[in-house]
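Below: one structure, written as structure tokens.
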Amino acid sequence: MKNNNYGFETKMIHAGYDGDEATHSVTPPLYQTNAYYFDDVNHAKSLFELSQPGNIYSRLMNPTNGFLEERITALEGGVGALAFSSGHAAMFNTIANLCQAGDEVVSSRNIYGGAINMMGVSVKRLGITVKFVDSDDMNAWENAVTDKTRLLFTELIGNPNANISDIEKIAQIAKKYKIPFMVDGTFNTPYLCRPFEFGADIVIHSATKMLSGHGQVMAGIIIDGGTFEYKNNPRFPLFNEPDVSYHGVVFADLGKTAFITRLRALIMRDFGSCLAPFNAYMTLLGVETLSLRMERACENALKTAKFLETCPEVETVNYPALESNKYYPLYKKYFPKGAGNVFTFVIKGDRERAARFMDSLELIQNVANLGDIRTQVVHPATTTHSQLSAEKLREMDVSEGTVRISVGLETAEDIINDLKQALGK
Ligand SMILES: *Cc1c(COP(=O)(O)O)cnc(C)c1O
């Protein structure tokens, strides 16, 4: 795609694929191969020395993954991307690229329970300390920063309660202390908001969700905004000292692509959480219709949230596009096209009451997933956030009656009628 000024929808369909010399295939081909033959020994040598670009082995690069990476880079407005086997792999590998034992990360605490476990327990066991803060409390963010901090992290729209982080303000703190700022954009997708425009340096997605949308693959992706200056930053000896495992390269010398190049050349090479080319191909299929799906999903979500707000059985509806919501001003600031399709509502009564509602649904499925074209609900306290203590759940505002809904693309009346009949049970 030669014209970088094309609109979002055009990029969604054309970016990253300029045709295939060998076949003239209209659609991005699936290169289902794990390796690539060398023309001769000298060719192999020059590829390994990086004196000539080219494919070597699919852990490091695959053309189908490359189409996806370039397309998402274009949609987010970054300088490069790398696809991973899942959203969680994307998240872990960012931390692995920036931190070593003894380092620290500051993260919002109003995020996916799985991410809290990963960082609070497993990453901690590797000697990297993650401090969790209330994402709305800018003083808490700033107070948690030390000389050892290597990353600030939040979800733009938090899982499960759809709390919106004021990423422009968090980015200012990151800039003040010269720390990269990473935003998980899974709930918003680049169609609703592009965090680089508000000062984020790195964006990650679970492409398992709305980016692919069809609910058929696990996938993750990291996009580098190219905005962070690693050169001579005392927080990043990893980027400023010659790398013993990579020809003595000083990654900071690569400038705008330092982060993404080190991520591929070192972290993917060594930890290997690469995306299967077939899953990259499937994700690309989804991305081609992203704007249409997001538009309809946001429309259906707003109708559903407005309906739930009128139900006597429902205590609260946490959807930022409702004027009653605490995050309505931030919704206005960041989301001119809609607040996404995932939010929570609280059913009056105890856990049994919530269970009766969930079990009475006929169309809507009970699924530990979101961002599918099918409407799905889940009970966070017993599933996605079940490993968290009662105290942590309270901190996160997840109660016994909290139900998370991911609104799909079905006929809005059918979604609403199913909720209505189940609430009446
Ligand atoms: C699902 C999810 C993840 C994890 O992604 P996987 O693809 O399931 O590994 C991370 N962040 C958010 C916000 C998610 O919803």
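Each ligand, and each atom within it, is numbered from 1 in the order the structure gives.
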**Item:** Working for ring-ring contact (aromatic ring centres under 6.0 Å, His included), residues Tyr31 and Tyr36
**Value:** CA-CA 11 Å; Tyr31 286 94; Tyr36 310 85; 8.1 Å; no

**Request:** For ring-ring contact (aromatic ring centres under 6.0 Å, His included), just list the numbers for Tyr112 and His88, CA-CA rounded to whole Å, side-chain angles, deciding distance to a tenth of an Å, and then say yes or no.
**Result:** CA-CA 10 Å; Tyr112 173 44; His88 244 26; 5.6 Å; yes

**Request:** Take Tyr334 and Phe198 through the ring-ring contact (aromatic ring centres under 6.0 Å, His included) test and state the conclusion after the steps.
**Result:** CA-CA 9 Å; Tyr334 292 108; Phe198 296 96; 4.7 Å; yes

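When each atom of ligand 1 is checked for a heavy atom of Asn159 under 4.0 Å away, the hits are 15 (O). Heavy-atom contacts of Gly87 reach the following atoms of ligand 1: 5 (O), 6 (P), 7 (O), 9 (O) (cutoff under 4.0 Å). Residue-ligand proximity, Glu155 to ligand 1, at heavy-atom distances under 4.0 Å covers atoms 13 (C).
Closest to atom 12 (C) of ligand 1, if we only count protein heavy atoms, is Asp184 OD2, 3.5 Å. In terms of protein heavy atoms, atom 8 (O) of ligand 1 is closest to Met218 CE, 3.6 Å.
Annotation: His88 places an N or O atom under 3.5 Å from an N or O atom of ligand 1; distance criterion only.
For Lys209, every heavy-atom contact with ligand 1 shorter than 4.0 Å involves the side chain, none the backbone.
Between the side chains of Asn341 and Arg293, not a single donor N or O lies within less than 3.5 Å of an accepting N or O. For the residue pair Glu70 and Tyr17, no side-chain donor N or O sits within less than 3.5 Å of a side-chain acceptor on the partner.
Counting heavy atoms from C-beta outward, Met119 and Phe132 have side chains that approach closer than 4.5 Å.
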